[in-house]
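These notes are about the structure you will find just below.
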Amino acid sequence: MAGASCAIRGTFFDFIDDPWKHIGHEQDAARFIRDGMLVIKDGLIDDFGPFTDVSQRHPEVPVTHLQNRLILPGFIDGHIHFPQVRVLGAYGAQLLDWLQTWIFPEEEKYKDRDYAATAARYFFDALLAGGTTTCLAFTTSSPVSTEEFFDEAARRNMRVIAGLTGIDRFAPAGSVITPDDFYRESKRLIERYHRKGRNLYAITPRFAVGCTGEMMERCRQLKQEHNDCWINTHISENPSELRTSRQYYPDCNDYTHVHEKHGLLGPKFTAGHGVWLSNDELRRFSNAGAAIAFCPLSNLFLGSGLFRLGRATDPEYPVRIAVGCDMGGGNAFTLVRVLEEAYKVGMCNNTMLDGSVNPREQDVAEAERNKLSPYRAFYLATLGGAHALYLDDMLGNFDKGKEADFVAIDWNAGQLAMRWHQSLIVDSAGPGAIEQAAQLLFGVMTVGDDRNIDETWVAGKRAYKKSAEAVSA
Ligand SMILES: [Zn+2]
């Protein structure tokens with residue numbers, strides 16, 4: 001019913017700033033309302049604040065009370081592959097071999113519309129079950145997969161960014177697309193999907209090793225003709241890939257230069273990984289307003305390396321950072337698991353720089369920035385991800401006017417040991433202060449998994465409830 005409102009009552013936790021700007025008092029970047037109320041109208045946040053205040057302003061609105069939950073903005077995944085649902089967690093190879101052995105043969109199946117449609121249902125069911133309401137996704141080089149992705153996202157009214165994925169070398173014949181076909185099909189798909197409902201389009205050169213200069217030039221042309229579109233790619237994931245990129249682009253000084261040369265590095269540009277980017281490249285990302293999707297599940301699974309979170313969050317040239325599961329290189333969908341691995345990557349980097357390995361390389365400030373507190377972690381999964389992807393005017397926290405996507409977290413679910421573990425922090429009354437809520441969230445990200453996601457709401461409607469089948473319209 002147009003104009004109808006509804007409201008959620010419960011305990012809310014979101015962010016109003018970047019915690020790395022508040023070192024030593026990160027809670028200043030967050031917002032905690034123990035007994036709050038979120039009023040939703042037409043899928044948008046109409047009012048938000050303490051229950052006692054907000055309920056007086058909206059005496060007629062029907063209220064759903066989510067008790068014993070922490071309600072956070074929906075998670076934002078900055079890097080995921082729609083056509084890899086079925087091959088997540090494939091054994092035993094590094095990036096370039098893994099692509100040839102497992103990934104390209106599977107992705108070729110997505111030319112079949114029925115297969116792609118089935119996969120899209122599995123894909124979005126799994127995302128919602130993990131608390132993710134928005135993603136930046138790769139499809140395949142077949143437009144069928146891109147169409148099925150967007151059509152399924154639209155059925156669920158989810159805010160997504162994706163695009164036809166361009167690759168014209170370094171893959172079997174059935175996985176490539178010519179630059180001319182890529183250009184023509186991308187244009188058609190942009191017309192059909194970009195800013196239709198909640199769909200947004202990303203011009204998507206898969207990775208520079210797999211794209212000829214001609215393909216990269218077609219991407220430049222598309223960006224010039226559709227400047228409102230996003231750009232999605234991979235960069236500096238793996239050392240062999242880095243060496244291969246130097247062979248294919250001998251005139252470029254480094255991997256980032258390939259994207260600069262083709263006019264792509266800038267706002268709304270996101271590249272997955274960036275594990276092996278130099279300090280100078282990170283500085284150029286920062287200056288350009290470009291983003292990196294940090295994908296620790298995948299970086300560890302494929303042995304790619306440790307992303308230098310502390311370096312990328314240097315206050316003098318901070319890079320926009322999202323987190324991504326990178327399923328199927330990443331072996332899980334939920335950002336809860338991603339944050340766990342991100343924490344471990346950060347701790348390894350911390351040790352490399354705290355002086356205990358090599359006193360000459362000690363950098364106490366960078367070492368500290370690697371440590372993923374719950375504030376930093378859940379910021380990356382929500383408002384930070386929105387900022388990285390240039391979506392923070394639409395979503396990412398509970399500000400009035402934003403889209404009402406959120407997740408209800410059960411801090412006691414997950415492993416059998418969880419309830420007793422969390423009872424160290426709170427009793428049955430739940431968190432009374434922001435620091436307790438943050439500690440519960442730390443417990444969720446280090447001990448928990450997707451079982452902690454109890455409900456996921458999209459545009460003000462419940463789209464997933466644990467222990468019930470996901471609602472797939
Ligand atoms: Zn990827």
Side-chain angles (χ1 to χ4, degrees), residues 76-90 93-107 110 119 123 126-127 130 132 134-141 145-146 149 160-167 170-171 175 202-211 219 230-242 244-245 255 258-259 264 269-277 290-307 321-335 337-338 341-342 345 380 385 388-389:
I76 299 164
D77 191 313
H79 188 103
I80 188 167
H81 292 260
F82 159 51
Q84 297 177 12
V85 185
R86 217 171 170 184
V87 283
L88 84 166
Q94 288 200 357
L95 174 69
L96 300 182
D97 300 326
W98 169 84
L99 281 169
Q100 304 290 344
T101 308
W102 288 100
I103 299 305
F104 292 134
E106 175 64 17
E107 291 195 3
Y110 284 65
F123 178 86
L127 269 190
T132 298
T134 286
C135 66
L136 170 59
F138 292 82
T139 63
T140 72
S141 55
S145 71
T146 317
F149 176 93
V160 294
I161 317 174
L164 180 69
T165 300
I167 181 167
F170 204 81
S175 288
I203 300 154
T204 308
R206 185 167 184 142
F207 65 137
V209 169
C211 296
C219 291
W230 277 251
I231 296 173
N232 188 22
T233 191
H234 295 80
I235 198 164
S236 291
E237 178 173 358
N238 172 289
S240 325
E241 174 214 10
L242 207 59
T244 313
S245 77
Y255 210 150
V258 178
H259 301 279
L264 301 179
F269 172 101
T270 301
H273 309 298
V275 171
W276 300 98
L277 291 175
I292 295 169
F294 172 25
C295 305
L297 279 173
S298 157
N299 296 157
L300 296 176
F301 188 80
L302 295 172
S304 301
L306 306 176
F307 176 67
I321 302 167
V323 284
C325 69
D326 193 25
M327 186 284 306
N331 53 318
F333 270 84
T334 182
L335 292 192
R337 292 278 311 280
V338 172
E341 303 292 287
V345 167
L380 289 181
L389 302 185

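Values below: all heavy atoms of this structure, side chains included; hydrogens, waters and symmetry mates excluded. Counting starts at 1 for both ligands and their atoms, following the listed order. Computed from a prediction, not measured in an experiment: that's the story for all the values here.
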Restricting to side chain to side chain contact (heavy atoms under 4.5 Å, CB included), what partner residues turn up for Leu300, sequence neighbours left out?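 For Leu300, the residues satisfying side chain to side chain contact (heavy atoms under 4.5 Å, CB included) (neighbours in sequence not counted) are Leu306, Glu341, Val345.
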So, using ring-ring contact (aromatic ring centres under 6.0 Å, His included) as the criterion, who are the partners of His259 when residues are at least two apart?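 His259 satisfies ring-ring contact (aromatic ring centres under 6.0 Å, His included) with Phe269 once adjacent residues are dropped.
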State yes or no: are the ring centers of Phe294 and His273 separated by less than 6.0 Å?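 Phe294 vs His273: aromatic centres not under 6.0 Å.
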Answer yes or no: is there an ion pair linking Glu107 with Arg86, defined by an N-O contact shorter than 4.0 Å?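 Between Arg86 and Glu107 there is no salt bridge, as every charged N stays at least 4.0 Å from the carboxylate O atoms.
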Do any of the N/O/S atoms of [X], backbone or side chain, fall under 2.8 Å from the Zn ion (ligand 1)?
X      : answer
His234 : yes
His273 : no
Asp326 : yes

